[in-house]
There are 2 protein chains.
Amino acid sequence: MNDQDFLAALAAVVGPTQVLTDPADTAPYLTDWRGRYTGTARAVVRPGSTGEVADIAKLCTVHGVAMVPQGGNTGLCGGATPDSSGAALVVNLSRMNRIRRIDPANLALVAEAGCTLASIQEAAREAGCLFPLSLASEGTCEIGGNLSTNAGGVQVLRYGNTRELTLGLEVVLPDGRIWNGLRALRKDNTGYDLKHLFVGAEGTLGFITAAALKLFPLPRAAVTTWLAVPDPAAAVRLLSRAQQRLGARVTAFELVSRVCLELVLRHIPNTRDPLAESSSSPWYVLLEASDGGSEEALMAEVEALLEAALEAGEASDGAIAQSGDQARQLWALRENISEAQKIDGISIKHDISLPVSAIPGFLDAAGEELARAFPGVRIVAFGHLGDGNLHYNLSKPEAQANAVFIDSQPEANRLVHDRVVALEGSISAEHGLGQLKREEIRRYKSAVELDLMRAVKAAIDPAGLMNPGKVL
Amino acid sequence: MNDQDFLAALAAVVGPTQVLTDPADTAPYLTDWRGRYTGTARAVVRPGSTGEVADIAKLCTVHGVAMVPQGGNTGLCGGATPDSSGAALVVNLSRMNRIRRIDPANLALVAEAGCTLASIQEAAREAGCLFPLSLASEGTCEIGGNLSTNAGGVQVLRYGNTRELTLGLEVVLPDGRIWNGLRALRKDNTGYDLKHLFVGAEGTLGFITAAALKLFPLPRAAVTTWLAVPDPAAAVRLLSRAQQRLGARVTAFELVSRVCLELVLRHIPNTRDPLAESSSSPWYVLLEASDGGSEEALMAEVEALLEAALEAGEASDGAIAQSGDQARQLWALRENISEAQKIDGISIKHDISLPVSAIPGFLDAAGEELARAFPGVRIVAFGHLGDGNLHYNLSKPEAQANAVFIDSQPEANRLVHDRVVALEGSISAEHGLGQLKREEIRRYKSAVELDLMRAVKAAIDPAGLMNPGKVL
């Protein structure tokens, strides 16, 4: 079958308007969100149903055509961008955007892969429930991509990663068979838990076409605080204290360095230091608590916590938001760090995780090593301390020096990643591997682990047609 | 290599006293806890370290000897009992019983497979933390078995199954290679999440030799209540209300029918109806809440919840334990149901799960169908309503009629399981498949799902030496 016939066969499946080949039409699907990777493809196809995805996969398997699953195309590691061979077919699932059902009494819903994260949050809210996954790109990213990259975000501490929010999946296998694993059960011990193979596999094992997802009761009260802490070790102690007193009501615990805060204050309009009257602190914590009771009761609990933390020297000062507006202002300080840094100049980024207890030691040791190796380096460290997840970005404040420094990315990555792995951490906490870290991970995973991954890949995708060049 | 040489090679690995062949020594390892299955084995070997397990697996792979991993041997489905061929080697991991480390600031510990569940709970408690997995057999069952069967228990609603409590694993693969996946991280998106393959695999993919497990802050306050509810639909509404108000502070929500309660009151000494003064109710709920604050504050919240539930007609009466002793008395009513039923006579048991919202309809419909098919049948229904998990046991009250009824097990199973699966439930919620449900599951799993399971099995255990005859 020549290329024309293959495209005609695709058009017969999805309709001719859903097979894109004109470069003007395909361009948005061939470059990743960061603009770091651009590939080429035989075509971009936009199926509207699970059956259509299955038929596409069958056609591709028969003709040996590689498939690149794609959702909102907001990934940070190039996992949804085809390679430059032009051999692959991009299969974009954005048209599969129905909430198939919602069951508040079972705290679950079933969403198709192309639903944006925001649309799922909204559907849950309309049913009086919470879907807690929340990320910067939630208006655009799609749940299929969130599942394939096991996305994290700011509420993992309380509700878990996307993996933990998944009850069941519907998957189109590389050969076009459909696995209906959409069970919305809290307990099911009838053999291997196959859904966990596909979550986080970045499209290398099949197409996730729908998912049964966990919902939670909608919190009625939330209290947001911004605390000055003397150092990361104090922040870790404060985290323990908060969890002991408030348990799962601690929904976010974010660490922010003074360097981060200053970047935000400098570059983002309408921001101010919440503790302006006090002396500045090298580190801050944004702590959010929420529950289903009254605002006053929760506020009293948080105030008691802060009092104890101040007394124990775990915090030196703090501000509690007294309104939703104030809470949003505090969150803006955390959420604009990446944007502020982007405005300030490019940087060498890391998305790392460590045992929470290892974070203070890591920050000390990596900071010293980097200062020795790259004098004048500026470290922008922030992240989800409660999950042991840091975004750890490096740059030099002065533009010309930074341009030179950026060329040291391989050495800087090596230094940071070596230390992370020595402390039994991970070099990709929540973004995945994609193309970006596919080579890097070979340095850190054991041969046994890589072999196991390859054995799984060969078992599920023996022809190697799913998203080649990613992960493995 | 003949059998003598093989045993000598094993003895060279573990020492001669740890290779058992005398029937008097091996007997306890060859029959399951319920006494339902008895197998035979070439020998029972008791390794003391991961390295020894690896050497045993290498020997077995070279000589084509099947391996049956075993822990505390308390499983309910015969998953740790060898078949009757006498060809297999039972590998009992009970000697591997060290807590390797504990890290309260990271809320994690690393335990070897042979640690009893109680010993892990105790180690956590000594460090000021909670390991929440809790089951009737906790003094004897071992964490390797809990992991391999993805054990549930009474706190799943709040803390999840064993799977959700697992951060990382150390596994000896069938060919003797060791996979060190003992990362104690909350976030790690570096490829396929292999640990989920081995959790719940019932020893058919390899030996779990150690695990990094999640800990939680130790709750300081707990409130236990016993509520009369008019019917299961009201219990489901009450569950929603409780979760909305108390969120994750609801740590147990157990449904108990009047039939269950009467069995306990009849057969278990020192038990009494907590609502004796009131009229009896067809259904009860045992609700437990816990958190890290004061007992008084939590009690006030639970009282407010009960008041609202009484007003809404979701409960008709209730008792709140005023002391630890009273709480234990309420729990004894729930925990002795199986024991009371055993004393009363044998029964046909089911361990099923359903979407929580489907449970009232299931109880109605299955109850009617069973009464039609088996007039006079007594249904003993109880379980973890919050997880959608019911233990649903059938018998006839009169001994002679029961003896006849028990012969209808295949028909009764079929009727119950068909209805469960029609409602998208599971026929094994927390006990696993083992030998008991290995055939039954073929009726309910799709061909695609069984194929995927077989592909995974072939990829990880190509020689088919791990625990043959179980699961698949």
Side-chain angles (χ1 to χ4, degrees), chain A residues 103 105-106 149-150 152 156 161 164 177 179-180 183-194 196-197 200-201 217 236 240 243-248 291-293 301 353 355-357 387-389 424-433 441 446 448-449 452-453 455-456 458-460 471, chain B residues 103 105-106 149-150 152 156 161 164 177 179-180 183-194 196-197 200-201 217 236 240 243-248 291-293 301 353 355-357 387-389 424-433 441 446 448-449 452-453 455-456 458-460 471:
Chain A
D103 181 353
N106 192 41
T149 57
N150 184 26
V156 172
N161 295 292
E164 283 85 41
R177 287 179 301 162
W179 172 51
N180 180 349
R183 295 181 283 267
L185 302 173
R186 260 65 185 179
K187 285 183 170 175
D188 179 20
N189 279 347
T190 55
Y192 308 152
D193 198 333
L194 299 167
H196 287 299
L197 277 179
V236 169
S240 284
Q243 291 186 305
Q244 270 163 32
R245 287 185 83 119
L246 296 174
D291 72 11
E301 299 244 31
S353 71
V356 173
S357 51
D387 315 317
N389 179 193
E424 303 186 63
S426 167
I427 68 161
S428 187
E430 57 176 10
H431 297 168
L433 297 176
I441 198 64
S446 68
V448 173
E449 187 157 335
L452 277 170
M453 284 171 56
V456 167
I460 312 279
V471 182
Chain B
D103 181 354
N106 192 41
T149 58
N150 184 27
V156 172
N161 295 292
E164 283 85 41
R177 287 179 300 162
W179 172 50
N180 181 347
R183 295 182 284 267
L185 302 173
R186 260 66 185 179
K187 286 183 171 178
D188 178 19
N189 279 347
T190 56
Y192 308 152
D193 198 332
L194 299 167
H196 287 300
L197 277 179
V236 169
S240 284
Q243 291 187 304
Q244 271 164 32
R245 288 185 83 119
L246 296 174
D291 72 11
E301 299 243 30
S353 72
V356 173
S357 51
D387 315 316
N389 179 192
E424 303 187 62
S426 166
I427 68 161
S428 187
E430 56 176 9
H431 296 168
L433 298 176
I441 199 65
S446 67
V448 173
E449 186 157 335
L452 276 171
M453 284 172 56
V456 167
I460 312 278
V471 182

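The sequence lines fix the lettering, A, B, ..., with proteins before strands; numbering per chain opens at 1. None of these values were measured; they are calculated from a predicted model.
- Looking only at side-chain heavy atoms (C-beta outward), A/Leu452 and B/Ile460 come within less than 4.5 Å of each other.
- With sequence neighbours excluded, the residues forming a side-chain contact (heavy atoms from CB on, under 4.5 Å) with A/Ala201 are A/Thr204, A/Leu205, B/Tyr192, listed by chain and number.
- Considering every non-hydrogen atom in both B/Val356 and A/Asn106, the closest pair reads N-OD1, 2.7 Å.
- Among A/Leu197, A/Leu246, A/Val471, the residue with the largest count of heavy-atom pairs under 4.5 Å with chain B is A/Leu197.
- For the atom pair CG (A/Asp188) and CD1 (B/Ile427), the distance works out to 9.5 Å, reported to the nearest 0.5 Å.
- For B/Asn161, the part lying under 4.5 angstrom from a heavy atom of chain A is the side chain only.
- The two residues A/Lys187 and B/Ser426 come nearest to each other via the heavy atoms O-CB, 4.1 Å.
- Considering only heavy-atom pairs separated by less than 4.5 Å from chain B, the leading option among A/Arg245, A/Gln243, A/Glu449 is A/Glu449.
- A distance of 7.5 Å separates NE2 in B/His196 from CG in A/Asp193, rounded to the nearest 0.5 Å.
- Residue contact with chain A, scored on non-hydrogen atoms closer than 4.5 Å, involves the backbone and the side chain of B/Gln244 alike.
- The distance from the CD atom of B/Glu164 to the CZ atom of A/Arg186 is 10.0 Å, given to the nearest 0.5 Å.
- Side-chain atoms of A/Asp291 do not come within 3.5 Å of backbone N or O of B/Ala248 as any donor-acceptor pair.
- Every residue meeting the side-chain contact (heavy atoms from CB on, under 4.5 Å) condition with B/Ala105, not counting sequence neighbours, appears here in chain and number order: A/Val236, A/Ser357, B/Asp103.
- Each of A/Ala429, A/Ala459, A/Gly292, A/Pro217 has some count of heavy-atom pairs under 4.5 Å with chain B, and the biggest count is that of A/Ala429.
- Between A/Leu185 and B/Gly425, the closest heavy-atom pair is CD1-C, 3.7 Å.
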B/Glu424 vs A/Arg183, salt bridge (Lys or Arg N to Asp or Glu O under 4.0 Å): CA-CA, chis, key distance, verdict: CA-CA 6 Å; B/Glu424 303 187 62; A/Arg183 295 181 283 267; over 6 Å; no
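- In terms of heavy-atom pairs under 4.5 Å with chain A, the best-connected choice from B/Gly191, B/Gly200, B/Ala184 is B/Gly191.
- Remark: the backbone N or O of B/Thr149 is paired with a side-chain donor or acceptor of A/Asn189 at under 3.5 angstrom.
- Between the CD1 atom of B/Ile441 and the OG1 atom of A/Thr190 there is a distance of 4.5 Å, given to the nearest 0.5 Å.
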